[in-house]
Structure formats: C-alpha cells, structure tokens
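Reviewing the structure listed below.
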Protein chains: 2
Amino acid sequence: METNNITNDIPDIEVLFDLADLFKVFGDSTRLRIMYILSSGELSVLAIAEGLGMEQSTISHQLRVLRQNKLVRVRRDGKQMYYSLDDDHVQKIIEMGLEHVLE
Amino acid sequence: METNNITNDIPDIEVLFDLADLFKVFGDSTRLRIMYILSSGELSVLAIAEGLGMEQSTISHQLRVLRQNKLVRVRRDGKQMYYSLDDDHVQKIIEMGLEHVLE
DNA sequence: TGAACATATGAATAGATGTTCATTTGTTAA
DNA sequence: TTAACAAATGAACATCTATTCATATGTTCA
C-alpha cells in the first residue's frame with residue numbers, strides 16, 4: 001500500500017510554487033538568524049537588530065517577509081513591537097534542514 | 001531541563017549560513033519540481049526535461065546544483081545519466097514545508 | 001501639543017541567480 | 001573511426017532580491 005514517496009502528499013503542482021516561495025524565505029541567512037534569535041523568546045525589532053549587529057531597517061524589512069509568510073507573530077507593547085516565532089513548523093523545518101547540513 | 005527551542009541544536013552561527021544555502025536550493029520551483037518528479041523513481045535528464053516541459057540545459061544546470069548539495073544521486077547507464085533522490089531528508093524537508101503551506 | 005523614540009516604508013543600488021543559446025564532452029553502435 | 005545521441009558547460013542576459021539611506025508613521029511622556 002502506502003509507499004514512502006511524497007507523491008501522495010502533493011496533490012497539485014501549483015502547491016510546489018507556493019512551497020518554493022516558502023523555502024525562499026528560509027533561504028536567507030539574515031532571516032534564518034532572526035528566526036534563530038527568536039527561538040529563545042520574543043524580542044523587539046531593535047533588540048534583534050542589535051543582537052545581530054545589523055541595521056534596524058534591514059531587520060524591519062525582513063520581519064515583514066517573515067510576517068507575510070506567517071513565520072513570526074507580532075505584538076505591540078507601547079512603542080515597541082515584539083516579534084516571536086509563529087508556530088512549530090518553523091522549528092521543525094529548521095531542524096530537518098540541520099540534519100542534512102550537519103551530517 | 002531541555003526546553004523546546006532550537007538553541008541547543010545550533011552550535012555555531014556559521015551553520016546558519018550553510019543552512020540558508022541548503023534552503024536556497026529548495027527555494028526554486030524548477031528544482032522542487034525535479035525533486036518531486038524524482039520521488040517516483042530515477043529518471044534520465046531528458047525524461048525529466050520532457051516531464052517538466054523544460055530545456056535539457058536548464059534541467060542539467062539545476063541537477064548540478066542538486067548534486068552539489070547531495071540532494072540527488074547519479075548513475076550512468078550508457079549514454080544516459082539516471083538521477084534519483086539522495087536521502088530521506090529531501091522528502092522530510094519537503095513534507096515539513098508542505099504542512100506549513102497547506103494549513 | 002511637541003519632543004523623543006521605535007518601527008515601517010519607499011526608492012535606489014549592487015549583487016545574486018535562473019534561463020537560454022551555442023558548444024563541448026562523453027558514449028554507443030554502425 | 002565516425003555519425004548520432006545524451007548530458008554538461010560557459011557566456012550572456014534579464015530578473016529578482018537584500019541592503020542602505022532617507023523619510024514617514026505611530027506611540028509615549030513631559
């Protein structure tokens with residue numbers, strides 16, 4: 001019965017384009033570093049920028065990409081916006097990738 | 001003890017750059033389609049090109065990228081080169097991505 | 001209200017990347 | 001060995017994308 005290929009899990013080729021778009025988001029070291037630093041807990045934009053030693057604007061632009069792809073969540077507290085990882089998939093996708101990279 | 005973040009799984013920031021490079025490979029629909037079509041079994045370069053309706057050269061270029069990242073394997077049989085998926089990580093990474101895309 | 005601060009946004013630029021065309025390399029079989 | 005076929009490669013081009021600078025939006029607090 002059920003073979004172990006992915007054929008059954010991909011109903012439509014259209015989905016592959018969406019999937020490529022998702023992986024594109026993971027395919028940038030700045031965004032990956034943002035997700036990494038957020039894995040310890042929520043942080044403000046400035047805290048992320050300082051933590052990574054990058055410009056506030058750069059981080060803000062990339063956070064937008066992450067937000068649009070539902071990989072991070074935002075919460076406002078006063079003047080600050082606190083970002084955190086959105087769901088478990090983020091971590092799982094990264095872990096799967098790591099297994100491949102580290103082997 | 002062991003919290004459920006990914007901090008412990010990422011020993012070095014350097015690795016994040018390698019990881020981004022890996023995800024870059026998944027972040028292209030042509031390469032993703034190649035991996036998809038290979039999930040049914042090994043295929044020659046021409047068979048892939050015809051299956052996807054793309055140029056032989058395009059496929060060959062992308063197969064090289066997949067090869068360099070150890071995502072596909074090659075085997076020569078006469079004039080033809082038969083490509084197949086390299087390991088389980090390929091499928092697992094794609095499946096994780098799909099879970100996110102399809103939700 | 002207005003000054004100070006945090007974040008978002010837009011335009012511009014530089015660098016990366018995918019595809020195509022033309023050609024080369026490598027293999028088979030006559 | 002040579003013709004025919006399969007795959008790989010290189011150069012050129014067009015497109016996309018990440019970063020930066022400058023500025024706008026939004027919030028707090030005096």
Side-chain angles (χ1 to χ4, degrees), chain A residues 13 16-38 41-86, chain B residues 13 16-38 41-86:
Chain A
I13 301 295
L16 289 177
F17 289 92
D18 295 339
L19 192 54
D21 286 338
L22 176 68
F23 283 127
K24 269 192 199 103
V25 180
F26 283 85
D28 175 76
S29 59
T30 297
R31 286 190 291 264
L32 223 42
R33 292 177 73 203
I34 291 174
M35 291 189 265
Y36 165 59
I37 205 174
L38 286 180
E42 67 172 13
L43 287 172
S44 71
V45 177
L46 218 73
I48 298 171
E50 284 168 359
L52 301 184
M54 300 184 80
E55 301 249 342
Q56 174 267 324
S57 177
T58 303
I59 301 303
S60 196
H61 275 296
Q62 297 303 349
L63 282 170
R64 183 155 64 98
V65 176
L66 292 171
R67 228 186 307 126
Q68 286 170 336
N69 284 274
K70 298 188 192 304
L71 298 174
V72 297
R73 248 176 307 197
V74 209
R75 160 179 94 76
R76 179 181 280 281
D77 182 18
K79 278 180 280 192
Q80 275 137 31
M81 302 290 269
Y82 285 95
Y83 283 83
S84 56
L85 295 183
D86 191 299
Chain B
I13 300 295
L16 289 177
F17 289 91
D18 295 338
L19 191 56
D21 286 337
L22 177 68
F23 284 127
K24 268 191 199 106
V25 179
F26 283 85
D28 175 76
S29 59
T30 298
R31 287 190 291 263
L32 223 42
R33 292 176 74 204
I34 291 174
M35 292 189 264
Y36 165 60
I37 205 175
L38 286 181
E42 66 172 13
L43 288 172
S44 71
V45 177
L46 218 73
I48 298 170
E50 283 168 359
L52 302 185
M54 301 184 79
E55 302 252 341
Q56 173 267 322
S57 176
T58 304
I59 301 303
S60 198
H61 276 296
Q62 298 303 349
L63 282 170
R64 183 155 64 99
V65 176
L66 292 172
R67 228 185 308 125
Q68 287 170 337
N69 285 273
K70 298 187 192 303
L71 297 174
V72 297
R73 248 176 306 196
V74 210
R75 159 179 94 76
R76 179 181 279 284
D77 182 17
K79 279 179 278 193
Q80 277 137 30
M81 301 290 269
Y82 285 94
Y83 283 83
S84 56
L85 295 184
D86 192 300

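Throughout, protein chains are lettered first and strands after them, A, B, ... in sequence-line order, and every chain is numbered starting at 1.
The stretch residues 45-55 of chain A touches DNA chain C through A:V45, A:L46, each having a heavy atom under 4.0 angstrom from the strand.
Look at B:Y83 and you'll find a side-chain N or O under 4.0 angstrom from OP1 or OP2 of D:dA8. At C:dT20, one or more side-chain N or O atoms of B:T58 fall inside 4.0 Å of OP1 or OP2 (strictly under the cut-off). Considering only side-chain N and O atoms, A:Q62 lies under 4.0 angstrom from the phosphate OP1 or OP2 of D:dT19.
A donor-acceptor pair under 3.5 Å is formed between the side chain of B:R73 and the backbone N or O of B:L85.
Scored by the side chain to side chain contact (heavy atoms under 4.5 Å, CB included) test, A:R75 finds A:E42, A:D77, A:Y82 as partners (sequence neighbours excluded). Checked against side chain to side chain contact (heavy atoms under 4.5 Å, CB included), B:S29 has the following partners two or more places apart in sequence or in another chain: A:F17, A:A20.
Under the Watson-Crick or G-U wobble criterion, with both distances below 3.5 Å, D:dA30 is paired with C:dT1.
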Could you go through residues 54-63 of chain B and list every donor-acceptor pair under 3.5 Å that involves a side-chain atom there, pairing it with any protein atom two or more places apart or in another chain?
unit_1	atom_1	unit_2	atom_2	d
B:Q62	OE1	B:R31	NH1	2.8

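Looking at heavy atoms from C-beta onward, B:M35 lies in side-chain contact with B:L32 at the 4.5 angstrom threshold.
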Could you list, one pair per line, each protein nitrogen or oxygen that sits under 3.5 Å from a nitrogen or oxygen of nucleotides 9-13 of chain D, together with the distance?
unit_1	atom_1	unit_2	atom_2	d
D:dT9	O4	B:S57	OG	2.8
D:dG10	O6	B:H61	NE2	2.9

Anything under 3.5 Å between a protein N or O and an N or O of nucleotides 27-30 of chain C, put it in a table, one pair a line.
none

